[in-house]
Amino acid sequence: MRIDIITIFPSMFSPVLNESIIKRAQEKGKVKIYIHNLRDYSVDKHKKVDDRPFGGGSGMVLTAQPIFKVVEKIKKKITSAKVILLCPQGEKFTQESARRLSSEKHLILICGHYEGVDERVRKALVDKEVSIGDYVLTGGELPAMVLVDALVRLIPGVLGDKNSLNFESFEGNILEYPHYTRPANFKGLCVPGILLSGDHKKIETWRKKEALKRTKQRRPDLLKFKIREEK
């Protein structure tokens with residue numbers, strides 16, 4: 001996979017992209033990530049990339065010119081790239097959408113800012129708009145990082161144990177079961193005996209029961225969605 005990120009704050013990405021799983025994925029050649037400073041593509045002598053909105057109103061809007069220029073430049077190399085705009089108005093990002101996007105070969109992420117982007121960017125360039133939640137952030141940089149982290153770990157060969165992906169929260173619309181590790185007794189708080197039994201069939205049954213119980217308590221909405229899916 002190749003991911004191109006368009007931003008006006010490129011230095012924000014280095015601490016995230018050069019650590020942990022994302023760093024190792026790049027070293028393994030599983031993903032290539034490129035950061036593009038939007039200001040480098042502005043024709044304005046001061047490298048300005050925003051302007052006041054027509055019709056008045058508060059705030060500033062990212063102009064179309066530099067965004068078009070950088071996207072067109074990237075697409076000269078890979079024409080099949082899917083362009084994603086990170087913004088509050090987009091489709092809510094979920095584990096299912098992460099799984100779908102992880103199969104793409106090339107993504108271009110546009111980090112929105114201020115009051116948003118010129119509407120012509122949405123109409124002519126963007127294939128999909130994505131939001132990571134029903135709240136407003138300063139810009140699209142943090143959502144882009146969330147998107148990259150969620151996608152990269154789903155690329156085959158990135159995680160050491162590929163089976164771990166099948167038992168995570170939100171897989172099958174069920175939250176993950178509780179985990180315990182050594183020591184078995186910590187300050188009088190003991191690990192459930194079933195996990196120490198060595199009976200893998202009973203352990204699997206316990207885990208499914210606990211996962212369902214936890215989902216009912218914390219995210220009953222997921223179970224409603226699961227029922228609709230099965231129907």
Side-chain angles (χ1 to χ4, degrees), residues 1-27 29-54 58-90 93 98 101-102 104-133 135-153 155:
M1 175 182 277
R2 168 175 169 148
I3 302 174
D4 288 87
I5 302 172
I6 302 169
T7 173
I8 59 175
F9 294 111
S11 61
M12 288 181 66
F13 289 88
S14 182
V16 173
L17 301 184
N18 293 311
E19 296 289 345
S20 189
I21 290 173
I22 299 178
K23 178 183 179 181
R24 294 197 295 272
Q26 293 177 89
E27 291 173 343
K30 298 295 182 180
V31 62
K32 293 182 179 179
I33 303 174
Y34 300 91
I35 306 298
H36 303 267
N37 188 341
L38 186 61
R39 298 186 190 280
D40 293 340
Y41 297 86
S42 173
V43 295
D44 180 81
K45 65 179 181 179
H46 300 297
K47 298 300 179 183
K48 187 179 178 182
V49 295
D50 61 325
D51 209 337
R52 295 184 298 275
F54 280 123
S58 60
M60 304 291 278
V61 176
L62 287 179
T63 57
Q65 178 274 316
I67 300 177
F68 267 75
K69 187 174 181 180
V70 62
V71 170
E72 288 167 356
K73 179 182 178 182
I74 296 169
K75 281 199 167 188
K76 282 182 179 179
K77 296 181 178 180
I78 306 179
T79 57
S80 61
K82 182 182 288 291
V83 180
I84 296 177
L85 174 65
L86 285 309
C87 67
Q89 298 179 25
F93 188 58
L101 288 174
S102 69
E104 296 287 341
K105 295 297 183 183
H106 186 197
L107 297 175
I108 299 175
L109 309 183
I110 301 174
C111 300
H113 248 282
Y114 310 122
E115 295 303 310
V117 301
D118 188 300
E119 188 65 18
R120 289 165 290 190
V121 171
R122 279 190 168 95
K123 290 184 176 181
L125 294 181
V126 173
D127 298 304
K128 187 179 185 66
E129 297 178 48
V130 173
S131 166
I132 62 168
Y135 46 87
V136 179
L137 297 171
T138 304
E141 282 73 20
L142 291 176
M145 294 176 200
V146 169
L147 198 76
V148 170
D149 189 279
L151 298 184
V152 168
R153 63 194 308 279
I155 298 173

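Bear in mind that the values here come from a model prediction, so they are computed numbers and not experimental data.
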Enumerate donor-acceptor pairs with a distance under 3.5 Å from any side-chain N or O in residues 123-131 to protein atoms, sequence neighbours excluded.
residue	atom	partner	partner atom	Å
D127	OD2	V83	N	2.7
K128	NZ	E91	OE1	2.9
K128	NZ	E91	OE2	3.4
E129	OE1	R122	NE	2.9
E129	OE2	R122	NE	3.3
S131	OG	G133	N	3.2
S131	OG	G133	O	2.8

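- Under the salt bridge (Lys or Arg N to Asp or Glu O under 4.0 Å) criterion, no residue pair touches residues 31-46, with sequence neighbours excluded.
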- Task: Would you please test D118 and Q65 for side-chain contact (heavy atoms from CB on, under 4.5 Å) and show each step?
- Result: CA-CA 9 Å; D118 188 300; Q65 178 274 316; over 6 Å; no
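- Expressed to the nearest 0.5 Å, how far CD1 of I155 lies from NZ of K30 amounts to 9.0 Å.
- Atom CD of E115 is surrounded by more than 12 heavy atoms from other residues, nucleotides or ligands within 6.0 Å.
- The closest donor-acceptor contact from the side chain of H113 to the backbone of G140 lies at 3.5 Å or more, if one exists at all.
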Show the atom names and distances, to 0.1 Å, of all donor-acceptor pairs under 3.5 Å that link a side chain in residues 5-26 to residues at least two apart or in another chain.
residue	atom	partner	partner atom	Å
T7	OG1	F9	N	2.8
T7	OG1	E141	OE2	2.6
S14	OG	N18	ND2	3.0
N18	ND2	S14	O	3.1
Q26	NE2	L17	O	2.7
Q26	NE2	I22	O	3.3

Please output the side-chain donor-acceptor pairs of residues 67-79 that fall under 3.5 Å, not counting sequence neighbours, one pair per line with the distance.
none

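- Of all heavy-atom pairs between S42 and V49, the closest is CB-CG1, 4.0 Å.
- Partners of F54 under the side chain to side chain contact (heavy atoms under 4.5 Å, CB included) rule, at least two apart in sequence or in another chain, do not exist in this structure.
- Annotation: the span from C111 atom SG to L147 atom CG amounts to 10.0 Å, rounded to 0.5 Å.
- I108 approaches A81 most closely through the heavy-atom pair CD1-CB, 3.7 Å.
- The NZ atom of K48 sits 9.0 Å away from the OG1 atom of T63 when rounded to the nearest 0.5 Å.
- Taking NZ of K82 as the start and CD1 of I3 as the end, the distance is 13.5 Å to the nearest 0.5 Å.
- When all heavy atoms of A98 and F93 are compared, the pair lying nearest together is CB-CZ, 3.5 Å.
- The two residues A64 and V121 make their nearest non-hydrogen contact at CA-CG2, 3.9 Å.
- Taken to the nearest 0.5 Å, the CG atom of L142 stands 7.0 Å off from the CD1 atom of I132.
- With sequence neighbours left out, the salt bridge (Lys or Arg N to Asp or Glu O under 4.0 Å) criterion links D50 to no other residue.
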